**Q** 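Structure incoming, see below.
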Amino acid sequence: MKKKFVIAVDGPAASGKSTTAKGLAKKLEYVYIDTGAMYRACGLYALNKNIPLSDLEALKSMLETIDIKIEYSNSGNKIFLNGEDVTNRIREEEITKISSEIAVIGIVRKKMVELQRKMGENGGVILDGRDIGTVVFPNADFKFFMSASVQVRATRRWEELKARGVEISYEEVEKELIWRDKNDSTREISPLRKADDAILIDTSNLSIEEQVEFLYNYIIENMEKK
Ligand code: CDP
């Protein structure tokens, strides 16, 4: 792939965005930017510093000192928060919830969007999140919106958690997912929404390979028009 496109992949929790974006990045030799990990790192930082999410002044100072770095590698990106590797810690359930809570705050989003635009400015990137095609890169070359039924998404997340040794019931996972989707799609700033020009993909009956293949073929077939 000679052209360095910006590719946006949005969608609700556990819709297959990140696995697909990772697979596609590998195939295209692009950089994968997990923007959800950045909100997760913000949530973790506020938690570590005991900052209540209602304290905007404290959050503002926190954002001045926050340093989020993604170390790119084929075997999986690592995420560093002020120098510390937090790749695994940010996947814990406690952080999942707080990431969605902190993501409604305007100053937090402003800072993250700024960082994301910088990371993607030279193209050759795939970003996944909730607002990539609508806000971060409204002029992205390719926009995809992935979705799947609540049951399929909750099952995927439950299996992921079980594989990591987390003891949690399916019902709890489903409840958390429904809460987060609602919180993400009803917030005032940059809610989770499909961009009008994004391609909708229902992943309920697709394997990861099929998802990657679909996006890849779509890009190859339409790249001349870009
Ligand atoms: O992997 P999963 O889909 O469960 O979540 P994630 O992509 O890691 O995102 C965690 C949370 O960050 C989401 O629930 C959103 O509240 C927030 N987020 C956002 O607001 N905007 C983005 N571009 C990415 C994530």
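When a ligand or atom number is given, it counts from 1 through the structure's own listing order. All values reported here derive from a predicted model rather than from experimental measurement.
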**Q** Ignoring hydrogens and angles, write down the donor-acceptor pairs under 3.5 Å from the side chains of residues 48-62, residues two or more places apart or on other chains.
**A**
from	atom 1	to	atom 2	distance (Å)
D55	OD1	E57	N	3.4
D55	OD1	A58	N	3.1
S61	OG	E57	O	3.1

**Q** Give the C-alpha distance, both sets of side-chain angles, the deciding distance and a yes or no for salt bridge (Lys or Arg N to Asp or Glu O under 4.0 Å) between D184 and R109.
**A** CA-CA 13 Å; D184 290 348; R109 300 206 70 85; over 6 Å; no
**Q** When you measure from the centre of the six-membered ring of W158, is the NZ or CZ of K162 closer than 6.0 Å and no more than 45° off the axis?
**A** yes
**Q** So, are D10 and R130 salt-bridged, with charged N and O less than 4.0 Å apart?
**A** no
**Q** Is K226 close enough and on-axis enough to F142, meaning under 6.0 Å and within 45°, for cation-pi?
**A** yes
**Q** Give the residues near ligand 1 by chain and number, with the criterion being a heavy-atom distance under 4.0 Å.
**A** A13, A14, K17, T35, G36, Y39, R40, R91, S99, S100, A103, R109, G129, R130, D131, R157, R180, D184, R187
**Q** Could you check K27 against E213 for salt bridge (Lys or Arg N to Asp or Glu O under 4.0 Å), going step by step and ending with a plain yes or no?
**A** CA-CA 10 Å; K27 231 173 142 96; E213 211 50 32; 3.3 Å; yes
